[in-house]
Amino acid sequence: MTGNRVLVVGDVMVDIIVTPDGPIVRGSDRRAEIAKRHGGSGANQAVWLGYFDVPVTFIARVGAADLHYYQRYFESFGVAPALSGDIERQTGMLLTLVDPDGERSFLTDRAANLNLGPRDVPAETLKDISLLVVSGYSLFEQAPRSAILGLVDEARELGIEFAVDPASTSFLAEMGPARFFEATRGAAMLFPNEEEAGLLTGTADVDEQLEVLLGHAELVAIKRGPEGAIAGRRGGEVVRLPAPKINVRDSTGAGDAFLARFVAERFSGAPLRQCLAKAIGAGSAAAAMIGGQPPR
């Protein structure tokens, strides 16, 4: 990999994380711990990359009233923000309901993120970029998808690698595997979790998932939660590693931390096994805390 900077394109969200102390009581009250955090898959990835000392630029849209705040926020992590302020829509919001085992359910209003357009992703942002990272959330709606696929085409012409995190099984099911694979044609790296890999490949067998996905990307890392992860190169080695046992508090952003650390290690020239081991460690650390981004 040449160059020295990653460009991330994706969502900025305000995460409202609700952890009830038991099952939801329909029509009545349930005590809960409620936290407000910064979120959005693309934002998480950019911040974690900055946290791991990778030079990174982040493109996104936020509500116009929040623009200066988010510029300062991302800069505090060493991220170069290339943000647009939306005068029509507010910054996106996400309500997360956290189960006792750490699993999450989401209610999503992507708001300003839905207005991402070609003017937000000019081709000149690819200058000095060696890797383009695209959050799957940005591929699920027509306007941002068109803008980002235009940027991906520019990256292909310039010989810049791009990586994709599929991001959401429900939205991925709406899009369909065929459209997703066409949109991500020529990807250097693909980072699905096991459920996303199953949806894309039509099999629950992780080895079969890896084999199929390596037909669409040069390097695939499948995140398997408590089971760890498996990664492979097209025509090359396959590595599978376990995850450490942790007290899962909130798995929000764990996959984003995984991706960021994997990319950071790959930038340093580390072998596949080290990339995967460090990525699993980062994802596990993220799952042991509330929220999807590291502390400043």
Side-chain angles (χ1 to χ4, degrees), residues 10-45 60-63 65-66 86 88-115 135-144 165-177 180 192-200 202 204 222-227 243 245-258 283-295:
D11 287 2
V12 174
M13 303 290 284
V14 177
D15 287 356
I16 307 298
I17 304 166
V18 181
T19 308
D21 67 359
I24 299 297
V25 181
R26 190 170 182 227
S28 190
D29 294 314
R30 168 62 72 186
R31 291 181 178 84
E33 181 180 317
I34 302 176
K36 182 179 178 181
R37 296 288 189 273
H38 296 96
S41 182
N44 294 346
Q45 292 162 6
R61 285 187 78 85
V62 298
D66 299 329
D86 198 302
E88 298 177 354
R89 301 191 185 209
Q90 67 179 355
T91 301
M93 297 191 73
L94 177 77
L95 176 63
T96 304
L97 296 175
V98 183
D99 292 340
D101 63 358
E103 188 52 86
R104 306 148 298 151
S105 300
F106 305 116
L107 296 171
T108 306
D109 178 1
R110 294 184 60 216
N113 300 295
L114 295 174
N115 282 345
S135 168
Y137 282 108
S138 300
L139 300 176
F140 298 140
E141 302 288 346
Q142 180 60 41
D165 185 327
S168 167
T169 52
S170 58
F171 291 152
L172 190 59
E174 291 178 8
M175 185 178 191
F180 177 83
N193 62 30
E194 197 167 3
E195 291 76 20
E196 293 156 358
L199 193 156
L200 287 170
I222 301 175
K223 300 163 288 187
R224 306 184 66 205
E227 300 301 315
K245 292 183 178 180
I246 61 168
N247 178 24
V248 176
R249 298 189 65 197
D250 173 21
S251 54
T252 303
D256 300 320
F258 178 104
S284 298
M289 67 184 192
I290 297 291
Q293 297 180 11

Considering all heavy atoms of both residues, which atom of Pro144 and which atom of Arg110 are nearest to each other, and what is their separation? CG-NH2, 4.5 Å

Could you check whether any side-chain heavy atom of Asn113 comes within less than 4.5 Å of a side-chain heavy atom of Tyr137, counting everything from C-beta outward? no

How long is the straight-line distance from CG of Asn193 back to CZ of Arg224, given to the nearest 0.5 Å? 11.5 Å

How long is the gap from CG on Leu97 to CD1 on Ile24, to the nearest 0.5 Å? 6.0 Å

Qualifying residue, where the test is side chain to side chain contact (heavy atoms under 4.5 Å, CB included) with Met13 and the options are Thr108, Val62, Thr91, Asp109: Thr108

Would a 4.5 Å heavy-atom cut-off, applied to side chains only, mark Leu114 and Glu88 as touching? no

Please report the closest heavy-atom contact between Ala288 and Ile246, naming both atoms and the distance. N-CD1, 4.3 Å

If you measure only the distance, is there a donor-acceptor pair under 3.5 Å linking the side chains of Asp256 and Ser41? yes

Backbone of Ser168 reached by a side-chain donor or acceptor of Glu196 within 3.5 Å: yes

At what distance, to the nearest 0.5 angstrom, does CG of Leu200 lie from CD of Glu195? 11.5 Å

At their closest point, which heavy atom of Val18 faces which heavy atom of Ala32, and how far apart are they? CG1-CB, 4.0 Å

Looking at every heavy atom in both Ala111 and Gln90, which two are closest together, and how far apart are they? CB-O, 3.0 Å

Hey, does the side chain of Gln45 reach the backbone of Gly42 with a donor-acceptor pair shorter than 3.5 angstrom? no

Please list all pairs meeting side-chain hydrogen bond (donor to acceptor under 3.5 Å, both in side chains) that have one or both residues in residues 18-33, counting only residues at least two apart or in different chains. Asp21-Arg30

Does a donor on one side chain sit under 3.5 Å from an acceptor on the other, for Ser170 and Glu174? no

Residues that Ala112 engages under side-chain contact (heavy atoms from CB on, under 4.5 Å), provided they are two or more places apart: Arg61, Asp86, Arg89

For the residue pair Ser135 and Asp165, establish whether any side-chain heavy-atom pair is separated by less than 4.5 Å. no

What closest approach, in Å, do Gly253 and Asn44 show between heavy atoms, and which atom pair accounts for it? CA-ND2, 3.9 Å

Tightest non-hydrogen contact, residues Ala243 and Gly225, listed as CB-O, 3.6 Å

Any side-chain heavy atom of Val14 sitting closer than 4.5 Å to one from Ile16? yes

Describe, in one word, how the ring planes of Phe140 and Phe171 are oriented to each other, choosing from parallel (under 30°), tilted (30 to 60°) and perpendicular (over 60°). tilted

